[in-house]
Amino acid sequence: QVQLVESGGGLVQAGGSLRLSCAASGRFFSTNAMGWYRQVPGKQRELVAAITRSGSTNYADSVEGRFTISRDNAKNVVDLQMNNLEPEDTAVYYCNALVRVTWNPREYEYWGQGTQVTVSS
């Protein structure tokens, strides 16, 4: 019913920038909260940044001041602007969305396929 399509991952040198984008498509009523998580081997997936439909944001302490999350409600797109990247930011980044798919107000959680971000020293 819902697909999250990501783009923007890649390889960048420390201090550089990348912009990740995620678009929700399919059959659904609305996207509610959207966000980005990341995961490295051997560790649990962690929240990077999230944004509500009204624009309220949350950031992990490790990215506060360097990353900016934004969304376009009309296009069901969430972006993550990543500046001053560090090698510790290297991970697979996953788009996440809480989606209402029917007349029923229940929310369902969806994940993107993941996109690799690698920051070299």
Side-chain angles (χ1 to χ4, degrees):
Q1 292 179 307
V2 181
Q3 299 82 42
L4 303 180
V5 180
E6 302 165 330
S7 62
L11 174 64
V12 66
Q13 293 182 337
S17 299
L18 286 173
R19 187 176 181 89
L20 305 182
S21 183
C22 172
S25 63
R27 298 179 63 84
F28 56 89
F29 284 2
S30 64
T31 56
N32 298 323
M34 302 185 75
W36 291 92
Y37 289 70
R38 66 187 182 188
Q39 187 171 28
V40 299
K43 295 185 178 181
Q44 292 187 336
R45 191 171 299 181
E46 66 174 0
L47 174 69
V48 178
I51 185 169
T52 68
R53 190 171 183 84
S54 63
S56 298
T57 58
N58 288 319
Y59 294 94
D61 290 342
S62 59
V63 307
E64 185 76 47
R66 299 188 297 120
F67 293 6
T68 302
I69 190 169
S70 61
R71 65 183 292 168
D72 185 329
N73 291 335
K75 297 180 179 179
N76 294 304
V77 170
V78 60
D79 293 338
L80 184 68
Q81 178 66 46
M82 304 185 293
N83 297 327
N84 301 315
L85 283 162
E86 305 169 352
E88 292 74 19
D89 296 316
T90 296
V92 177
Y93 284 69
Y94 296 90
C95 180
N96 171 268
L98 297 178
V99 182
R100 180 183 175 184
V101 298
T102 71
W103 59 268
N104 192 310
R106 181 179 178 181
E107 293 180 333
Y108 294 84
E109 188 174 46
Y110 290 88
W111 294 93
Q113 78 284 356
T115 183
Q116 178 70 46
V117 172
T118 302
V119 184
S120 64
S121 301

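Checking side-chain atoms of E109 against main-chain N and O of A97 turns up no donor-acceptor pair under 3.5 Å. No donor-acceptor pair closer than 3.5 Å links the side chain of R106 to the backbone N or O of T102. The backbone N or O of L98 lies less than 3.5 Å from no partner atom in the side chain of E107, so there is not a single donor-acceptor pair.
Note that the CG atom of N83 and the OG1 atom of T68 stand 6.5 Å from one another [nearest 0.5 Å]. In this structure, S62 OG and E46 CD are separated by 5.5 Å, a value rounded to the nearest 0.5 Å.
Ring orientation note: the planes of W111 and Y37 are nearly perpendicular, at an angle over 60° on the 30°/60° scale.
A cation-pi arrangement is absent between R100 and Y108, since the terminal nitrogen or guanidinium carbon is not both under 6.0 Å from the aromatic centre and inside a 45° cone about the axis.
Shown here for L20 and M82, the closest heavy-atom pair between the two residues is CG-CE, 3.7 Å.
Side-chain contact between V2 and V101 is present, with at least one heavy-atom pair separated by less than 4.5 Å. At least one side-chain heavy atom of T31 sits under 4.5 Å from a side-chain heavy atom of R53. Considering only heavy atoms from C-beta on, V77 comes within 4.5 Å of S21 through its side chain. With contacts defined as side-chain heavy-atom distances shorter than 4.5 Å, the pair Y94/N96 does not qualify. A heavy-atom distance below 4.5 Å is found between the side chains of C95 and V78. Two residues are said to be in side-chain contact when any heavy atoms from C-beta on lie closer than 4.5 Å; W36 and C22 meet this criterion. Between D89 and V117 the shortest side-chain heavy-atom distance does not fall below 4.5 Å. A 4.5 Å side-chain heavy-atom check between Y93 and V48 finds at least one atom pair inside the cut-off.
For the residue pair T115/R38, the side-chain donor-acceptor check at 3.5 Å is not satisfied. Of the N and O atoms on the side chains of E86 and N84, not one donor lies less than 3.5 Å from an acceptor on the other residue.
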- So D79 and R19, salt bridge (Lys or Arg N to Asp or Glu O under 4.0 Å) or not? Walk me through it. CA-CA 7 Å; D79 293 338; R19 187 176 181 89; 3.0 Å; yes
